[in-house]
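Okay, so here's the structure we're looking at.
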Amino acid sequence: VFICVLKGVRLWEEGKSSDTQKWSSLEHKGPYFPPEYEPLPDNICFYYDGQPMKLSPATEEIVTFYAKMLDHEYTSKEVFQNNFFSDWKEVRTSIQERKLIKTLSKCDFSQIHKYFVEKSEERKNMTKEEKQVLKEEASRLMEEYGFCLLDGHREKIGNFKLEPPGLFRGRGEHPKMGKLKKRIQPEDVTINCGQDSKIPAPPAGHRWKRVQHDNTVTWLASWLENIHGRPKYIMLNPSSKLKGEKDWQKYETARRLKMKVDSIRKQYRRDWTSREMKSRQRGVAIYFIDKLALRAGNEKDDESADTVGCCSLRVEHITLHRRLDGQEHMVEFDFLGKDSIRYYNKVPVEKQVFKNLKLFIKHKDPEDDLFDRITTVKLNKTLNECMPGLTAKVFRTFNASTTLQDQLNKLTTEGMTVEEKILSYNRANRAVAILCNHQRAAPKTFEKSMQLLQEKIQKKKEQIEEAKKELKEAKKAHKDAPSDKSKKLLEKKEKAVQRLSEQLKKLQLQETDHEENKVIALGTSKLNYLDACITVAWCKKHQVPVEKIYNKTQRDKFAWAIDMTDENFQF
DNA sequence: AACTCTACTTAGAAATTCTTGT
DNA sequence: ACAAGAATTTCTAAGTAGAGTT
């Protein structure tokens, strides 16, 4: 028995080490700690109920966090104010502070606020030389803390600076907004490094929480963040080999799904008519994930914003329309997804899906789960049985990359200029961003820049009118009294009209592009969902320099694809 | 099977730097 | 040379999902 157990353990360990060992040597300097708090100068003061009040450094620091945010919308929210005030209260040590400060509305941070506004103004107005000094300082820091040695290679770290203390700003209606995010002490930090590497030195007079040598994980340091008590990590930059290989693997999994997707689609359609409710729900859920690129929708606690994904959709998030906009069996989705970004969509669905949805919502309240018989865990288990490595999120990657490839094929033609090809690429990229619902707040300068563009267009149109008039005159002159000179003039005027028309077309194209990008964020899909091999192959096939599509960071991240992809690559 | 813990990817906002037109 | 606007980088929150625990 003993031998069997021993063998079992060995086998398990070997199995584990062969596919979960992430590195064999790892050395780094540990995280960089943000600078200590610098107390306010004596002439800058906090006022309570009209009276100046000197605060202890600890409470003063917290007050500066709030004061700095004063002209941000956040500080006008009651939840934010209450969370801030109660966390601030807990840090107050002096009896005077505890006794006196009773309500936020009597707190006056305006002098402190003004002080920081002026400070940042000063920063902006620094001379070139002063800025250069700062830049060098930063690059020295990067040089010292920004890299690690992993398996003998110098790799860039993604976030070597620890997060400074401040007030927590959640996304959307977050119940914890305004809470104090505490300063991280070395005693909070776990270091992970190679067994025989040099152990990073903690700041003088301090010690690490723990030093471990676990090569089954990729992080260099971790701590528990105090708002939710979740772990945070210091990890490598996407340009690293470790991350790059993982990224490549992700797209290879998505490509395997391509081989399997027909049979999976057949299966979920079959599930729509299953005797079992859970199979029907699973079938419809996977259909949504596949068709609409919805996220899985894990359960979440109520200590965060109320957002949902597919499996956590509630009855109130969909409306069924027998007929809508001239189409049958329409489902109207309206819910807040990740980062409280609104998902709003009206989609026609198969009759059987419509019937099922009606069934799922029967006798339920608006706040009940739409899919009450399934969870993301069960759903992923089913998917994994269809194909090893398949989970809900693979569908997003698969559908995003497939869409890019299809759109690129559709939108690119040989006669196009490089500029037109780039526009096509952006269009294809945009189709993906829309599919994945990647939105952003409209840029503050949007209206202005749009107006500017429209003025330019108007001007161009006037120029064209003018040029046409001149052309007409030239024509007439040439007809009345033909001569070499009149002919030349005519040709010149014709060219001018043509040139101006082209410029107008370009401006109008720009206008469309700009308008369409108003609330669409292209970056997220480009960085996380689109197999870089598709882009690289397209660039090669159509002689578009890859730098026109990928900036430096993106080229670093996708080095693996740029190196190995030829123009015949198919996703 | 529910719950907890952990590790990793994905996300938009904000800050910073670069580019462009004047 | 400089200011405005665009592009890029930084920051860190918020997801997904696997594994372990009860």
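The sequence lines fix the lettering, A, B, ..., with proteins before strands; numbering per chain opens at 1.
- Across the interface with DNA chain B, nearest-nucleotide mapping of A:Glu299 and A:Val217 shows A:Glu299 to be the residue nearer the 5′ end.
- Nearest-nucleotide mapping onto DNA chain C: of A:Asn380 and A:Gly158, the residue sitting toward the 5' end is A:Gly158.
- Side-chain atoms of A:Ser401 come within 3.5 Å of backbone atoms of A:Tyr529 as a donor-acceptor pair (strictly under, hydrogens ignored).
- If you take NZ of A:Lys135 and C1' of B:dA15, they are 15 Å apart, rounded to a whole angstrom.
- A sub-4.0 Å separation between OP1 or OP2 of C:dG15 and a side-chain N or O of A:Thr307 is present.
- Rounding to whole angstrom units, CZ of residue A:Arg230 and P of B:dT9 are separated by 14 Å.
- Between A:Glu225 and A:Met142, the residue anchored closer to the 5' end of DNA chain C is A:Met142, taking for each the nucleotide with the nearest heavy atom.
- Listed pair A:Tyr233 / B:dT9 fails the phosphate criterion, with no side-chain N or O lying under 4.0 Å from OP1 or OP2.
- Look at A:Lys232 and you won't find any side-chain N or O under 4.0 angstrom from OP1 or OP2 of B:dC8.
- In this structure, of C:dG18, C:dA14, B:dC8, it is B:dC8 that holds the atom nearest to the side chain of A:Thr218.
- Using a 4.0 Å heavy-atom criterion, one finds that A:Arg295 contacts the sugar-phosphate atoms exclusively.
- At the phosphate of C:dG15, neither OP1 nor OP2 sits under 4.0 Å from any side-chain N or O atom of A:Asn298.
- OP1 or OP2 of B:dA13 has not a single side-chain nitrogen or oxygen of A:His72 nearer than 4.0 Å.
- Separating the CG atom of A:Asn551 from the C1' atom of B:dT19 is a distance of 14 Å, rounded to the nearest angstrom.
- Once rounded to the nearest 0.5 Å, the distance linking OG1 of A:Thr75 with CZ of A:Arg169 reads 10.0 Å.
- Regarding A:Asn517, its CG atom lies at a distance of 12 Å from the P atom of C:dA6, rounded to whole Å.
- Between the side chains of A:Ser312 and A:Asp369, not a single donor N or O lies within less than 3.5 Å of an accepting N or O.
- With the nearest nucleotide of DNA chain B identified for both A:Lys378 and A:Arg171, A:Lys378 has the one nearer the 5' end.
- Ranking C:dA14, C:dT9, B:dT6 by closeness to the A:Lys552 side chain, first place goes to C:dT9.
- Distance A:Tyr251 OH to B:dT9 P: 11 Å, rounded to the nearest Å.
- Among the protein residues, A:Ala305 comes within range of no part of the nucleic acid, since none of its heavy atoms lies under 4.0 Å from any strand.
- Nucleic acid contact class of A:Pro164 (heavy atoms, under 4.0 Å, all strands): sugar-phosphate only.
- Candidate nucleotides B:dT16, B:dG12, C:dC11 were compared by shortest atom distance to the side chain of A:His438, and B:dG12 ranks first.
- The distance between atom CG of A:Asn528 and atom P of C:dT16, rounded to the nearest whole Å, is 14 Å.
- In this structure, A:His174 reaches the C:dA14 phosphate: one of its side-chain N or O atoms is under 4.0 Å from OP1 or OP2.
- Closest contact between the side chain of A:His514 and the listed nucleotides C:dA6, C:dC11, B:dA7 involves C:dA6.
- Residue A:Lys181 is in sugar-phosphate contact alone, with no base atom involved, counting any heavy-atom pair closer than 4.0 Å across all strands shown.
- A straight line from CE of A:Met69 to P of B:dA13 spans 15 Å, rounded to a whole angstrom.
- Phosphate contact (OP1/OP2 of B:dC8, side-chain N/O of A:Lys22, threshold under 4.0 Å): present.
- Contact annotation: A:Thr524 side-chain N/O to B:dT10 OP1/OP2 distance is not under 4.0 Å.
- Distance from the side chain of A:Arg123 is smallest for B:dT16 among the nucleotides C:dG18, B:dT16, B:dA11.
- Checked against A:Gln132 for a side-chain hydrogen bond (donor to acceptor under 3.5 Å, both in side chains), the options A:Lys128, A:Glu136, A:Glu129, A:Lys135 give a single hit: A:Glu136.
- You'll find that the side chain of A:Lys393 is closest to C:dA17, out of B:dA14, C:dA17, B:dG12.
- Contact annotation for A:Ile227: no contact, since no heavy-atom pair falls under 4.0 Å across all strands.
- The pair A:Lys119-A:Glu122 does not count as a salt bridge, with every side-chain nitrogen at least 4.0 angstrom from each carboxylate oxygen.
- Distances from the side chain of A:Phe168 to the nucleotides C:dA14, B:dA13, B:dA7 place C:dA14 closest.
- A:Gly297 comes within contact range of the sugar-phosphate backbone alone, with a heavy-atom separation under 4.0 Å but no base atom that close.
- The side chain of A:Lys243 lies closest to B:dT9 when the candidates are B:dG12, C:dA17, B:dT9.
- At C:dT16, none of the side-chain N or O atoms of A:Lys300 fall inside 4.0 Å of OP1 or OP2 (strictly under the cut-off).
- At B:dT9, none of the side-chain N or O atoms of A:Lys250 fall inside 4.0 Å of OP1 or OP2 (strictly under the cut-off).
- For A:Lys338, counting side-chain heavy atoms from C-beta on, the closest listed nucleotide (C:dG15, C:dT12, C:dA17) is C:dG15.
- Within 4.0 Å of A:Gln439, counting heavy atoms only, lie sugar-phosphate atoms of the nucleic acid but no base atom.
- Checking the phosphate oxygens (OP1, OP2) of B:dA11, a side-chain nitrogen or oxygen of A:Arg396 falls inside 4.0 Å.
- The backbone N or O of A:Gln554 lies less than 3.5 Å from a partner atom in the side chain of A:Asn551, making a donor-acceptor pair.
- Using a 4.0 Å cut-off between charged nitrogen and carboxylate oxygen, A:Asp87 and A:Lys179 count as a salt-bridge pair.
- Contact annotation for A:Thr376: no contact, since no heavy-atom pair falls under 4.0 Å across all strands.
- Heavy-atom minimum distance, A:Lys22 versus A:Thr218: CG-CG2, 3.8 Å.
- When the P atom of C:dA13 is taken as reference, atom CD of A:Glu303 falls 16 Å away, rounded to whole Å.
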